[in-house]
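Since we're looking at a predicted model, the values are computed, not measured.
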Amino acid sequence: MSEGRVQFRSHDDVRSLFGTRDKNLRRLRDVLHIDVVLRGDELHLHGDQAQVALGTKVFAELKSVIERTGNLEDEDLERALGRTLISDPVAAEEVIDVFHKARKIRPMGVGQREYIKAIREHDLVICSGPAGSGKTYLAVAMAVNALRLEQVRKIVLVRPAVEAGERLGFLPGDMLAKVNPFLRPLLDALGDILDFDQVQRYLEKDVIEIIPLAFMRGRTLNSTFMILDEAQNTTVTQMMMFLTRMGHHSKIVVAGDATQTDLPDKVESGLVDAINRLQKVKGIASVELSGEDIVRHPLVRRIVAAYDSDRPERSNSPRQRFDRSAARPPQDPSALNLTEPDHSPEKSSSSDSGTPESGEQVVN
């Protein structure tokens, strides 16, 4: 056990560092894996020697920001942590190597670390969390990692074609054009991890397949990494159909935000039902991310918190989101005669936080 010390000029500076209700302090402790004790205006850091050294460096940088500007913004905190994680030896084993131009992806925070660990250790992982917490991005990165390590032969990315308050009929074009927008976020995640040309080659060779959920019925997929995105918009019947597609040597990751369902009123979410129904089944892991795991633009975390505080019935816990007794038999959209979507990926926009050093990048 090692100890480090950082002296602040006043208690006001310490309060600025800790943040509202100590939110900054909790994040620093979780990411750096150290204990922090305040004695007067001096912080005492306790933990492994390497982690204390990193922590001392981060706290000293944040102290400098506070002394220069008088306060500490979320952007300053995330910038300091991002630089630290790149050189963090403790987190080295958690790096996701996609074997593409030395690009490596790191989980940020305890929740994302648990998520990655669960995917590595289980064949079926169900993840619930708010927008921007890295649910889809990390799952896609793990799928590419498994493909490059020849642990699987194919990646299948799946999304339900459920509109967020709009109607498909009002979208221009035929059914192919109408379904395409629902699959675009998955292409964005792929395009942020691999080059456009590489994604295109994988799609043309059917190594990566991106399809609406309705197309999964009747299939059995062996040696495949399957990801169901926006799982909160599946019905119980659809969820059961998808989970039973798993063949030998395959993995499934189910990701969604139970607080943002676009299903009709009183139709139970398949994501919530699966979490409740499968939580004690051996071999299945359930991970719940929170607002602390949001790693998009710092404003996203504030936006999610503002909406949650204004609507007390909303909860990060999907078990509290729906009334199961009120659910009616779900409608199954698999009967729709949909044509296969056009696989034409586009390069996603760059991260708000900039390009990390050493070819590594932070989840956005």
Side-chain angles (χ1 to χ4, degrees), residues 82 86 95-108 112 115-116 119 131-161 164 171-213 215-216 221 223-230 251 253 255 295-297 300 338-364:
I86 289 175
V95 170
I96 307 172
D97 192 344
V98 295
F99 303 98
H100 185 71
K101 296 183 178 179
R103 184 178 299 170
K104 297 178 181 179
I105 298 166
R106 291 180 178 274
M108 291 191 66
Q112 290 193 356
Y115 185 32
I116 294 302
I119 295 175
S133 55
K135 305 181 298 295
T136 304
Y137 190 93
L138 289 174
V140 171
M142 288 296 291
V144 172
N145 174 265
L147 181 67
R148 294 296 183 90
L149 291 175
E150 298 185 353
Q151 296 172 349
V152 296
R153 296 196 306 264
K154 183 181 178 73
I155 297 173
V156 175
L157 308 177
V158 184
R159 260 189 155 220
L171 293 176
D174 55 15
M175 185 56 71
L176 174 64
K178 293 177 189 294
V179 172
N180 238 6
F182 296 99
L183 307 177
R184 180 59 54 186
L186 295 172
L187 284 171
D188 290 343
L190 271 175
D192 199 50
I193 294 170
L194 301 173
D195 284 344
F196 175 89
D197 292 339
Q198 183 65 70
V199 174
Q200 190 66 37
R201 284 194 294 270
Y202 279 151
L203 290 171
E204 290 173 352
K205 295 179 180 179
D206 205 34
V207 175
I208 295 179
E209 186 179 2
I210 306 177
I211 60 174
L213 177 61
F215 289 178
M216 291 294 290
L221 298 170
S223 300
T224 302
F225 198 119
M226 291 174 275
I227 300 173
L228 175 58
D229 190 32
E230 297 294 330
K251 275 183 176 286
V253 176
V295 290
R296 285 181 184 166
H297 192 285
V300 175
L338 303 180
T339 57
E340 186 169 347
D342 178 31
H343 299 309
S344 54
E346 294 182 358
K347 189 74 176 178
S348 65
S349 59
S350 60
S351 169
D352 292 307
S353 58
T355 303
E357 302 173 2
S358 304
E360 298 180 351
Q361 67 186 59
V362 173
V363 178
N364 59 358

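A distance-only check finds a donor-acceptor pair linking the side chain of Y115 to the backbone of K135 [under 3.5 Å].
How far NZ of K154 is from OG of S223: 12.0 Å, rounded to the nearest 0.5 Å. Separating the CD1 atom in I210 from the CG atom in L190 is a distance of 5.0 Å, to the nearest 0.5 Å. Here Y202 contributes atom OH and L147 contributes atom CG; the two are 5.0 Å apart, rounded to the nearest 0.5 Å. From Q198, atom CD reaches atom CZ of R201 across 4.5 Å, with rounding to the nearest 0.5 Å.
Side-chain contact between M142 and I96: present, with at least one pair of heavy atoms (C-beta onward) separated by less than 4.5 Å. D206 is listed as a side-chain neighbour of E209, based on a closest heavy-atom distance under 4.5 Å. Side-chain atoms of N145 and F225, non-hydrogen and from C-beta on, never get closer than 4.5 Å to each other. Proximity of I119 to L138: side-chain heavy atoms (C-beta onward) are nowhere separated by under 4.5 Å. Residues M226 and I155 have side chains not in contact (no heavy-atom distance under 4.5 Å, counting atoms from C-beta outward). R148 places a side-chain heavy atom less than 4.5 Å from the side chain of L194. For the pair V140 and I193, the minimum side-chain heavy-atom distance is below 4.5 Å.
The two residues I227 and A143 have their closest heavy-atom pair at CD1-CB, 4.0 Å. Shown here for L228 and P160, the closest heavy-atom pair between the two residues is CD1-CD, 4.2 Å.
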Kindly indicate, with the supporting measurements, whether the criterion side chain to side chain contact (heavy atoms under 4.5 Å, CB included) is fulfilled by K251 and V152.
-> CA-CA 9 Å; K251 275 183 176 286; V152 296; 5.6 Å; no
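Counting heavy-atom neighbours within 6.0 Å of E150 CD, excluding the residue itself, gives a total of 12 or less.
Take D229 and apply the side-chain contact (heavy atoms from CB on, under 4.5 Å) test, not counting sequence neighbours, and it matches T136, R159, L186.
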